[in-house]
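Have a look at the structure below before the remarks.
For clarity, every value in this text was computed on a predicted model and none was experimentally measured.
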Amino acid sequence: MTVKKNQKGELRSQAWFGKADKDGFLHRSWMKNQGIPADEFDGRPVIGICNTFSELTPCNAHLRGIAERVKRGVYEAGGLPLEFPVMSLGESNLRPTAMLFRNLASMDTEESIRANPMDGVVLLVGCDKTTPALLMGAASCDLPTLVVSGGPMLSGRVGGKEVGSGTDVFRYSEAVRAGEMSLNDFMDAEAGMSRSPGHCMTMGTASTMASMSEALGMAMPHNAAIPAVDSRRNVLAQEAGRRIVDLVREDVRISQILTREAFENAVRVNGAIGGSTNAVVHLIAIARRLGINFGLDDWDKLGRNIPTIVDLMPSGRFLMEDFYYAGGLPAVIRALGNLIHQDAMTVNGHTIGENCAEAPCYSNEVIRSLDNALTKNGGIVVLRGNLAPKGAVLKPSAATPELMQHKGRAVVFENIDHYKARIADPDLDVDETCVLVLKNCGPKGYPGMAEVGNMGLPPKILEKGIKDMVRISDARMSGTAYGTVVLHTAPEAAAGGPLALVKDGDMIELNVIGRRLHLDISDEELTRRRDAWIPPEPPMAGGYQRLYFDHVLQADEGVDLDFLVGQRGAAVPRESH
Ligand code: FES
């Protein structure tokens with residue numbers, strides 16, 4: 001499906017700007033109020049710069065500066081850059097969770113691209129959900145597309161030590177609850193943790209998705225790791241601006257980069273970097289927009305035996321700044337050797353193999369060799385069983401090895417409010433061998449599949465010095481979090497999945513090697529409980545949340561809305577007047 005040129009071989013944007021009639025006048029005249037000279041409508045590539053800048057999304061608050069650098073590159077290459085906003089999703093502020101709005105932002109992106117005069121698009125992203133949202137929307141349109149991430153913050157510094165976004169918030173908050181850190185010290189840590197523009201500088205979801213963009217071939221080499229404030233981030237943005245013009249001229253569309261091989265590369269890279277479990281739902285959603293048959297089993301199969309070689313928090317010790325100085329993602333891809341489809345094409349016009357063939361590694365501590373891995377079996381484990389017929393995921397590199405084979409008594413929280421009301425109760429009947437079960441935090445249940453799966457342990461367990469227990473939910477977990485946490489259980493409780501039927505005292509078996517998650521009750525008892533289950537009401541009677549509730553797919557299908565799956569192209573719509 002070529003959408004770029006009309007029968008005369010003109011670019012798509014000429015359907016707006018190339019006409020000598022009333023409609024052409026309308027399209028050009030109003031654009032000229034921005035001081036655009038007439039000759040810039042002469043048929044040169046028009047590049048949309050899709051910007052998720054927002055002061056309410058602190059991770060993306062510097063993206064206007066990046067957009068200016070992309071524009072320089074577009075002008076240099078003979079294109080016309082036009083920046084436009086789409087809904088921005090800030091993980092740290094949005095309630096009930098940014099994930100509730102990922103699909104809405106993807107719709108905004110898709111419709112903005114299709115409805116406007118552009119021939120190619122640069123996606124400016126940063127905070128977690130902004131990357132998948134924009135990729136999903138762009139994938140459904142299929143124009144030439146290039147991702148530029150905003151880059152991570154500088155390493156946090158608190159009390160003379162390096163601290164990581166998110167990971168150390170969870171660590172400090174547990175320390176306060178365990179009486180090991182004062183509230184004053186906790187408050188003082190805020191400014192030092194986030195001391196420069198950029199997104200979380202651990203290998204959280206933002207850094208993971210920036211790495212995924214690079215591994216998929218959608219971004220220029222080193223997109224993942226250059227710090228937001230490093231001048232080389234601006235150089236990358238400018239080069240990306242030049243390159244998107246070439247992609248339009250060469251008619252290289254997103255579907256030619258995002259092939260099945262690209263997704264397979266991304267899964268393996270995710271294992272090697274100890275990437276976020278959130279990448280599972282995001283990559284499945286992006287692939288399904290392109291009609292690529294890619295799902296949970298691919299994650300398990302392709303990621304199995306991939307060693308985690310990047311020693312970054314939350315799985316390891318270092319931060320994204322260290323990762324960049326150590327050689328960044330190209331060094332990891334090079335280390336993976338023939339585990340990577342070397343001939344997968346990338347947006348800079350070279351294969352991923354060509355891009356990374358000579359990539360140097362400057363620190364074997366931060367980026368280890370395959371035979372000296374941080375975790376031998378990285379990747380994402382997919383569990384199934386009568387508690388998760390459609391699957392659940394666990395990140396072994398963030399889990400406690402001794403807990404990965406475990407059988408324990410369920411302590412059940414019906415929803416997040418029940419959990420909050422009950423977790424600190426000294427009378428809660430729980431010990432460290434129990435399995436904490438949190439229901440109704442999935443796509444429909446929360447709503448939006450919040451990052452609460454790594455629920456904090458009961459204080460009376462923490463006081464014993466115990467830092468991890470098996471936890472199971474239909475929620476997600478922040479990419480910066482850690483623990484023996486079973487996530488994305490599908491179907492979720494609010495959709496009538498077996499998770500809804502677990503009761504206090506049931507025995508649950510987790511067997512990571514056997515990929516099994518089993519609720520130890522009879523099928524008859526399960527059926528009895530299912531018959532008594534009452535489905536939840538939608539979160540709102542109308543509006544987007546109702547649309548979302550009625551149409552959201554489960555975690556194994558990427559949590560997209562059912563009617564958004566697939567491509568709809570970017571054919572030029574009819575005139576507006
Ligand atoms: Fe935006 Fe972590 S809060 S990347």
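- Summarising the geometry, atom CG belonging to L154 is positioned 5.0 Å from atom CD belonging to E321; distances are rounded to the nearest 0.5 Å.
- Side-chain polar atoms of E354 and Q342 form no donor-acceptor pair below 3.5 angstrom.
- The backbone N or O of H222 lies less than 3.5 Å from no partner atom in the side chain of Y324, so there is not a single donor-acceptor pair.
- What you find for I226 and P152 is that their closest heavy atoms are O-CD, 3.2 Å.
- Listed for the S194 side chain is no donor-acceptor partner under 3.5 Å among the backbone atoms of A191.
- Only one option out of T57, N51, T52, D108 pairs with S88 in a side chain to side chain donor-acceptor pair (under 3.5 Å); it is T57.
- Here the closest non-hydrogen pair linking V46 and S13 is CG2-OG, 3.5 Å.
- For the atom pair CD1 of I254 and SG of C141, the computed distance is 9.0 Å after rounding to the nearest 0.5 Å.
- M449 has its side chain within reach of H488: a pair of non-hydrogen atoms, C-beta onward, lies under 4.5 Å apart.
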For this session: In sequence, state the C-alpha distance, the side-chain angles, and the governing distance for H577 and L26, and then conclude on side-chain contact (heavy atoms from CB on, under 4.5 Å).
Result: CA-CA 9 Å; H577 291 84; L26 277 169; 3.9 Å; yes
Exercise. Are K395 and S315 close enough, and set up right, to give a side-chain contact (heavy atoms from CB on, under 4.5 Å), and what steps lead you there?
Worked result: CA-CA 9 Å; K395 180 175 170 181; S315 301; 3.8 Å; yes
Exercise. Under the side-chain contact (heavy atoms from CB on, under 4.5 Å) criterion, do N270 and S211 qualify, and how do the steps go?
Worked result: CA-CA 8 Å; N270 191 66; S211 301; over 6 Å; no
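- The pair E451-K129 meets the salt-bridge criterion, with a side-chain N (NZ, NE, NH1 or NH2) lying under 4.0 Å from an Asp/Glu carboxylate O.
- Environment of CG in D21: crowded, with over 12 heavy atoms of neighbouring residues, nucleotides or ligands closer than 6.0 Å.
- A distance of 6.0 Å separates CH2 of W299 from CD1 of I380, quoted to the nearest 0.5 Å.
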Exercise. Taking it one step at a time, do L236 and N223 satisfy side-chain contact (heavy atoms from CB on, under 4.5 Å)?
Worked result: CA-CA 7 Å; L236 180 146; N223 174 70; 4.1 Å; yes
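- A distance-only check finds a donor-acceptor pair linking the side chain of N93 to the backbone of L56 [under 3.5 Å].
- In this structure the side chain of P447 never reaches within 4.5 angstrom of the side chain of F549, judged on heavy atoms.
- The minimum heavy-atom distance linking V332 with I309 is given by the pair CG1-CD1, 4.1 Å.
- In this structure, a donor-acceptor pair under 3.5 Å is absent between the side chains of T351 and D343.
- No salt bridge links R12 with D119; every basic N to acidic carboxylate O contact stays at or beyond 4.0 Å.
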Exercise. Hey, mind stepping through E10 and K19 against salt bridge (Lys or Arg N to Asp or Glu O under 4.0 Å) and telling me if it holds?
Worked result: CA-CA 11 Å; E10 292 171 335; K19 303 197 313 189; over 6 Å; no
For this session: Check the pair E110, R568 against salt bridge (Lys or Arg N to Asp or Glu O under 4.0 Å), reporting the backbone distance first and the verdict last.
Result: CA-CA 9 Å; E110 176 183 343; R568 286 162 286 280; 2.7 Å; yes
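- Taking the centre and axis of the six-membered ring of F41, the NZ or CZ atom of R28 falls outside the cone set by 45° and 6.0 Å.
- Looking only at side-chain heavy atoms (C-beta outward), I273 and T308 stay at 4.5 Å or farther from each other.
- We find the OG1-CG distance between T145 and L258 to be 8.5 Å, quoted to the nearest 0.5 Å.
- Using modelled atom types, one finds a donor on one side chain and an acceptor on the other under 3.5 Å when comparing R102 with H282.
- For the atom pair T109 OG1 and L135 CG, the distance stands at 9.5 Å (nearest 0.5 Å).
- I47 places none of its side-chain heavy atoms less than 4.5 Å from the side chain of V121.
- The residues R72 and E239 are annotated as not salt-bridged, no charged nitrogen and carboxylate oxygen being separated by less than 4.0 angstrom.
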For this session: Test R249 against D251 for salt bridge (Lys or Arg N to Asp or Glu O under 4.0 Å), laying out the working first.
Result: CA-CA 5 Å; R249 291 192 173 122; D251 193 17; over 6 Å; no
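- Between S165 and M153 there is a side-chain heavy-atom pair separated by less than 4.5 Å.
- Minimum interatomic distance between R334 and A359 (heavy atoms only, all atoms of both residues): NH1-O, 2.8 Å.
- Contact of the F323 side chain with the M203 side chain is registered, since non-hydrogen atoms from C-beta on lie closer than 4.5 Å.
- No side-chain N or O of R114 forms a donor-acceptor pair with one of S140 less than 3.5 Å apart.
- Shortest non-hydrogen contact noted between I66 and N234 is CD1-OD1, 4.1 Å.
- In this structure, S149 contributes its side chain and G151 its backbone to no donor-acceptor pair below 3.5 Å.
- The backbone N or O of A139 sits less than 3.5 Å from a side-chain atom of Q567, completing a donor-acceptor pair.
- Below 30°, between 30° and 60°, or above 60°: for F263 and F294 the angle between ring planes is between 30° and 60°, a tilted geometry.
- The closest side-chain donor-acceptor pair between N355 and T346 falls under 3.5 angstrom.
- Looking at S276 and T205, their side chains do bring a donor and an acceptor atom within 3.5 Å of each other.
- Without hydrogens or angle criteria, N265 side chain to L216 main chain gives no donor-acceptor distance under 3.5 Å.
- Within a 6.0 Å sphere centred on OH of Y544, heavy atoms belonging to other residues, nucleotides or ligands number more than 12.
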Problem set entry | Working for salt bridge (Lys or Arg N to Asp or Glu O under 4.0 Å), residues R289 and E557 | CA-CA 11 Å; R289 291 293 184 103; E557 297 184 285; over 6 Å; no
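- A donor-acceptor pair under 3.5 Å links the side-chain atoms of E214 to the main chain of A224, judged by distance alone.
- D550 and R546 are joined by a salt bridge, as a carboxylate oxygen and a charged side-chain nitrogen come within less than 4.0 angstrom of each other.
- Salt bridge present: E264 and R260 bring a charged side-chain N and a carboxylate O closer than 4.0 Å.
- Residues V452 and A475 come closest through the heavy atom pair CG2-CB, 3.7 Å.
- With a 4.5 Å cut-off on side-chain heavy atoms, H341 and I352 do not count as touching.
- Using a 4.0 Å cut-off between charged side-chain N and carboxylate O, R233 and D230 make no salt bridge.
- Atom CG of L547 and atom CE of M540 lie 13.0 Å apart (nearest 0.5 Å).
- At least one donor-acceptor pair closer than 3.5 Å links the side chain of D142 to the backbone N or O of S255.
- Contact of the Q238 side chain with the V70 side chain is not registered, since no non-hydrogen atoms from C-beta on lie closer than 4.5 Å.
- Within 6.0 Å of the CG atom in D562, the count of heavy atoms belonging to other residues, nucleotides or ligands exceeds 12.
- With N116 contributing its side chain and S112 its backbone, the two residues share a donor-acceptor pair below 3.5 Å.
- Remark: the D128 side chain and the N278 side chain contain no N/O donor-acceptor pair separated by less than 3.5 Å.
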